[in-house]
Each structure stands twice: as C-alpha cells, then as structure tokens.
Amino acid sequence: MSTARALRSGVDARVTASLLARKGRFGGVDDAHGWLADAARGRRMETTRVPIDELAGWRRDESNGYLRHETGRFFSVESVAVEVRGSGAASDAAESSGVTRWCQPIINQPEIGILGILVREIDGVLHFLMQAKSEPGNPGAAVQLSPTVQATRSNYTGVHKGRSIPYLDHFRDPVSGALVDIRQSEQGAWFYRKRNRNMVVEVGDEVDVLDGFRWLTLGQIAALLAVPDLVNMDTRTVLACLPGGGTALSGALSSASAGGFRDALGRSADPGAPAVHTTEEVLSWITAARTRTDLSVESCPLHGLPGWQEHDGVISHHSGRFFSVVGAHVRAEGREVACWSQPMIEPAGTGVIAFVLKRIQGVLHVLVHARSEPGYADVVELGPTVQCDPGNYAGLPASARPRYLDTVLSARDVRFDTVLSEEGGRFLGARNRYLAVEADVEPAADDPDYRWLTLAQLDELLRHSFYVNIQARTLVLCLRAAAVG
C-alpha cells in the first residue's frame with residue numbers, strides 16, 4: 001500500500017469510529033440537545049422585514065438598480081439574463097418545462113469565506129468543535145449546529161467593525177493537520193459563482209472551549225441531522241467533504257447487517273466494490289456534459305427586470321413562484337455585531353431534494369443528475385436525482401414535472417426524510433425536504449444527464465472542487481447518518 005493510501009485508510013478508520021460513537025467525552029445525544037437548548041436561551045435574535053430601499057447601509061445603483069453595501073464589501077443583489085442553448089444539462093427552470101431563456105435576481109458575493117471545523121482526538125475518538133449559532137434567515141431565527149468558524153472575508157477582516165472571530169487563526173494558514181481543505185460552490189440558482197473554503201483542521205493540544213461551543217462526535221452530529229432545521233447548511237457541506245469511511249465503514253456495516261440496507265450502503269462506501277461505471281467513465285461523462293452545455297449568463301439591469309415586479313419594497317416574480325428579494329433588519333445577542341440590515345432571498349415554498357437509490361450487484365448506487373445552474377463556476381455539477389420546488393409546477397401539465405419527482409414522493413422504501421434549512425445568512429426561511437429513497441427505476445440508456453454512482457465514487461469526487469453540488473453534498477452526509485441509524 002502506498003503512503004498516501006495508508007494515510008487515507010487511517011483517516012477513514014478514525015472518521016468511521018467517530019461516526020459510530022453516539023457518546024463522547026461530554027455526554028450523549030441527549031446532552032447535545034440540552035446544550036443547544038441552553039444556548040438558544042442566551043442567543044436571542046429578531047428579524048424584522050423592511051422595504052429594500054430602506055435598508056440602512058445599502059444603496060441602489062442608479063444605473064442598473066443593483067443593491068450594494070455602502071462599503072462596497074459583503075455582497076450585492078444583481079440580476080442576470082440566462083439562456084440555455086443546444087443540448088445540455090438542464091437547471092430546474094429549464095428541465096422538462098421547455099424554458100430556455102429567463103431573467104432573475106442573483107446574489108454576487110465574490111469573496112471566498114471560511115467554513116471551518118476544528119477536530120481533536122479525545123479518548124481515542126475524533127471530536128468536532130461545534131458552535132451553537134443563530135442566523136437571521138433560520139426558521140424562527142433558531143440556534144443551529146454550526147461550524148467552529150463561519151465567516152466571510154469581510155467578516156474576518158473586520159469590515160463589520162464587530163468583535164473578532166474565535167478560533168479563526170487555526171484556519172487562516174494551517175501548516176499541518178488539515179483533514180479537509182477545499183473550495184466548494186453554493187446554490188448556483190441564487191448565488192453567482194459563490195465559493196467557500198471548506199476546512200476540517202485537526203489540533204493535537206487542548207484548546208479553550210468558549211461559551212457557545214462544544215466537542216461532539218460525528219455520530220452525535222449524525223443523530224442531530226434527523227431533527228428538522230437543527231444542523232445548518234455550512235456544517236453539512238464541510239462534514240460531507242470528510243473521507244467517507246471506505247473499507248472501514250464497509251466492514252463495520254457489513255458485519256452488522258449482512259444482506260440488508262446498511263450492508264448495501266457499506267459496500268457502496270468501499271472503493272473496491274463493483275460499480276456500474278468506472279471513475280474514469282464518470283469523469284469523462286462530466287467533462288462531456290460541461291462541453292456540450294451552452295449556457296449564457298449575462299448581467300442585466302435589476303430595474304424593470306423582465307418577468308419580475310417591485311412592490312411594497314419587495315422584488316418578486318410576477319407569477320408568485322420561485323423566490324423574492326426582501327429586506328431585513330436584524331437585532332442579535334451573542335454575535336460579533338449587535339444589529340444590522342441586509343437584503344435576503346426568500347423562496348416561495350419548501351423544496352424537495354432527493355436521491356433515488358438502487359441496489360446493483362448488492363451495492364447501493366445513487367442516481368445523480370448532471371445539472372447546470374446560472375451561478376456555477378464550471379457550468380455543470382452533479383446534483384441529486386430530484387432538486388426542485390414542486391409548487392413551481394402547480395397547474396402545469398404532468399410532462400412539465402421534473403423527472404423522478406413522483407417516484408420520490410410515492411416511494412415506500414424511504415431511508416432518510418428530514419426537512420433542513422439552507423444558509424440563514426442570505427436566505428430567509430429557505431427549507432428543503434431531504435430524502436433518500438430506494439426505487440427500482442432505470443434511466444433511458446441514451447439519457448445523457450443521469451448516472452448511477454456509488455458512495456465511494458461520490459467521496460472521490462468530493463475531494464475536488466465543483467464536482468458535487470451543495471444539495472447533493474448534504475444528501476451524502478444524510479446517507480452516512482442513515483448508515484449508523
């Protein structure tokens with residue numbers, strides 16, 4: 001075995017041991033719930049709607065109507081005209097419905113932020129330093145399980161003039177100990193080429209645990225993932241980038257449930273298990289999808305944006321579907337800044353994000369979709385089998401509904417099902433129902449947009465930037481949680 005493979009195998013074994021540990025040095029899952037409840041009582045946050053033109057510190061650009069912060073930092077709300085030409089991977093807006101041209105507002109946040117989690121081996125088990133944190137867009141502005149550090153460049157360089165960010169120095173320039181250090185995208189339908197540095201950094205020495213932080217095992221976090229709206233999006237994307245367990249996870253699950261779902265899931269995590277397609281074939285397929293997808297995304301004025309209207313300080317689609325741009329004023333306790341105002345994106349409904357699963361030669365495979373969104377940095381990323389808001393298709397013919405949506409909603413073998421909220425710093429009340437269902441489906445042989453992949457293949461792609469979208473990353477973590485029940 002090569003040195004690199006040996007190191008990877010060692011990390012896989014440690015990650016698997018932590019995933020299987022429902023109790024850590026500082027208690028079990030119930031203790032984690034109690035800690036979060038206590039933290040919520042000391043971190044009150046209030047979000048009040050205000051018209052976007054009355055947002056303190058924000059200005060409209062006279063030439064195009066874009067919303068920008070007076071410092072020129074943080075982010076801006078802009079707009080784009082999108083056209084899908086030729087045959088390529090479709091976004092939700094274009095898929096099935098025949099829509100190939102549209103205009104929309106979009107958030108432009110060119111800064112690369114840090115999403116970082118400290119990890120330390122305690123009593124022989126990896127523990128992750130998690131933060132109890134509320135965001136203005138969280139449902140009910142609730143406290144959620146968040147990374148150790150969750151900060152934009154403007155935040156950690158002090159543009160907000162608030163308190164310094166705890167533990168930041170561990171992530172600014174880690175000399176060693178980085179188990180994960182990779183840039184990943186965020187929602188390409190709402191962000192224009194947004195990237196964050198996803199990091200997991202191991203420390204050997206003890207660190208002071210500040211108020212609002214707690215060491216948890218990966219197994220405890222997996223258990224909390226089953227609670228609606230509790231584990232935030234940034235935690236999910238970072239932990240999904242951890243090594244997936246490989247043969248260590250496969251061995252643990254196979255010995256515990258021979259022939260069952262967990263056995264098939266464990267085999268799926270084994271890089272040596274048979275797969276429908278080789279990794280080389282998968283990479284070639286992604287390259288082909290990116291090559292044949294002709295997606296034009298051009299800036300256009302937000303004033304008078306075709307298909308959109310501005311009324312009572314809110315920018316919304318004329319149909320009432322998709323999403324709106326709203327203004328919010330925030331008062332917060334326990335944050336670096338006590339009050340601020342900002343624009344936010346508010347989706348029209350709750351989405352459905354789902355993997356369809358199938359056992360092939362005893363190995364669980366995931367049906368992934370090569371999809372394009374206007375904000376992707378590299379045209380196409382692998383998404384879930386289904387990624388949509390069903391309400392956007394109300395009143396449309398059945399042929400306009402996304403493929404496999406009805407398969408997911410009618411499935412009997414549901415392996416994971418929880419409503420989770422999205423990034424509460426930019427999105428107001430954004431929630432999706434995350435599902436993983438087993439179903440006996442078979443994509444058309446000539447369908448260029450879908451492929452069956454194993455978890456091991458997804459884990460390999462997650463070691464690189466811009467291959468697996470943020471919704472699919474959450475589902476990968478959800479499957480790992482389902483593996484340990």
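Numbering of residues begins at 1 and proceeds along the displayed sequence. Given the structure is predicted, the values throughout are model-derived calculations rather than measurements. Every heavy atom of this structure was used, including side-chain atoms; hydrogens, water molecules and symmetry mates were not.
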Please enumerate all residues that pass ring-ring contact (aromatic ring centres under 6.0 Å, His included) together with Trp308, with sequence neighbours excluded.
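ring-ring contact (aromatic ring centres under 6.0 Å, His included) list for Trp308, sorted by chain: His317, Phe323.
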
Verdict with supporting geometry, Met130 and Thr235, side-chain contact (heavy atoms from CB on, under 4.5 Å):
CA-CA 9 Å; Met130 308 306 297; Thr235 294; 3.6 Å; yes

Any salt bridge between [X] and [Y], counting N to O under 4.0 Å?
X	Y	result
Asp459	Arg480	yes
Glu186	Arg473	no
Glu135	Arg426	no

Within 45 degrees of the axis of the six-membered ring of Tyr434 and under 6.0 Å from its centre: does Arg236 put its NZ or CZ there?
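Because its charged atom sits under 6.0 Å from the ring centre and within 45° of the axis, Arg236 does stack over Tyr434.
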
Between Arg183 and Phe466, is NZ or CZ placed under 6.0 angstrom from the six-membered ring centre and within 45° of the ring axis?
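Judged by the rule, Arg183 and Phe466 form no cation-pi pair.
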
Show the numbers, then the answer: is there a salt bridge (charged side-chain N to carboxylate O under 4.0 Å, His left out) between Arg60 and Glu310?
CA-CA 13 Å; Arg60 297 292 290 267; Glu310 190 166 341; 3.1 Å; yes

Nearest-0.5 Å distance, [atom1] of residue [X] to [atom2] of residue [Y]:
X	Y	atom1	atom2	result
Gln220	Asp31	CD	CG	8.0 Å
Ile470	Thr237	CD1	OG1	4.5 Å
Asn64	Cys300	CG	SG	9.5 Å
Lys194	Ser185	NZ	OG	10.0 Å
Phe128	Arg214	CZ	CZ	16.0 Å
His329	Thr47	NE2	OG1	9.5 Å

Look at the side chain of [X] and the backbone N and O of [Y], then say whether any donor-acceptor pair between them is shorter than 3.5 Å.
X	Y	result
Ser268	Leu364	yes
Asp413	Ala411	no
Gln342	Gly425	yes
Thr148	Leu129	yes
Asn232	Asp234	yes
Ser146	Gln144	yes
Ser372	Val379	yes
Ser18	Leu126	yes
Asp61	Gly65	no
Thr385	Leu367	yes

Smallest separation among heavy atoms of [X] and [Y], with atom names:
X	Y	result
Ala141	Met45	CB-O, 3.7 Å
Ala354	Val408	CB-CG1, 3.6 Å
Leu305	Ser79	CD1-CB, 3.9 Å
Pro243	Val11	CG-CG1, 3.5 Å
Ala370	Val380	CB-CG1, 3.9 Å
Pro390	Val352	CG-CG2, 3.6 Å

Take a 6.0 Å sphere around CZ of Arg331 and say whether it holds more than 12 heavy atoms from other residues, nucleotides or ligands.
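Atom CZ in Arg331 is not crowded, with 12 or fewer foreign heavy atoms closer than 6.0 Å.
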
Exceeds 12 heavy-atom contacts within 6.0 angstrom, atom CG of Asp211
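Result for CG/Asp211: open.
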
Can you see whether Asn108 engages Ser76 through a side-chain donor-acceptor pair at a distance of less than 3.5 angstrom?
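No, no side-chain donor-acceptor pair sits under 3.5 Å.
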
Without hydrogens or angle criteria, can the side chains of Glu373 and Gln387 be said to hold a donor-acceptor pair below 3.5 Å?
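A donor-acceptor contact under 3.5 Å links the two side chains.
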
Glu333 and Arg41: salt bridge (charged side-chain N to carboxylate O under 4.0 Å, His left out), yes or no, with the steps?
CA-CA 10 Å; Glu333 297 176 2; Arg41 285 188 281 272; over 6 Å; no

Sequence neighbours excluded - salt bridge (Lys or Arg N to Asp or Glu O under 4.0 Å) pairs with any residue from residues 198-207
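Sorted result for residues 198-207: Arg14-Glu202.
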
Are Tyr376 and Tyr192 an aromatic pair by the rule of ring centers under 6.0 Å?
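Ring centroids of Tyr376 and Tyr192 are no less than 6.0 Å from each other.
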
Using the rule ring-ring contact (aromatic ring centres under 6.0 Å, His included), only one of Trp190, Tyr66, Trp58 pairs with Phe75; which is it?
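Per the ring-ring contact (aromatic ring centres under 6.0 Å, His included) rule, the option paired with Phe75 is Trp58, out of Trp190, Tyr66, Trp58.
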
Is [Y] close to [X] at the side-chain level, that is, under 4.5 Å between some pair of heavy atoms?
X	Y	value
Asp12	Leu249	no
Leu168	Arg172	yes
Val325	Val314	no
Phe416	Leu435	no
Phe74	Gln109	no
Asn432	Glu422	yes
Pro105	Ile345	no
Leu118	Phe171	yes

Using the rule given for side-chain hydrogen bond (donor to acceptor under 3.5 Å, both in side chains), can you reason through Glu54 versus Ser341, listing the C-alpha separation, both sets of side-chain angles and the distance that settles it, and then say yes or no?
CA-CA 9 Å; Glu54 296 179 16; Ser341 296; over 6 Å; no

Please walk me through it: do Gln184 and Asn198 pass side-chain hydrogen bond (donor to acceptor under 3.5 Å, both in side chains)?
CA-CA 7 Å; Gln184 294 287 15; Asn198 289 228; over 6 Å; no

Determine, step by step, whether Leu479 and Phe355 satisfy the side-chain contact (heavy atoms from CB on, under 4.5 Å) criterion, reporting the C-alpha distance in whole Å, the side-chain angles of both residues, the deciding distance to 0.1 Å, and the verdict.
CA-CA 9 Å; Leu479 282 176; Phe355 272 156; 3.9 Å; yes

Begin from the C-alpha positions of Leu242 and Val200 and carry the test side-chain contact (heavy atoms from CB on, under 4.5 Å) through to its verdict.
CA-CA 8 Å; Leu242 278 170; Val200 177; 4.1 Å; yes

Which residues share a side-chain contact (heavy atoms from CB on, under 4.5 Å) with Arg59, sequence neighbours left out
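Residues passing side-chain contact (heavy atoms from CB on, under 4.5 Å) with Arg59: Glu70.
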
Stepwise, does the side-chain contact (heavy atoms from CB on, under 4.5 Å) test hold for Leu225 with Leu230?
CA-CA 7 Å; Leu225 195 60; Leu230 188 57; over 6 Å; no

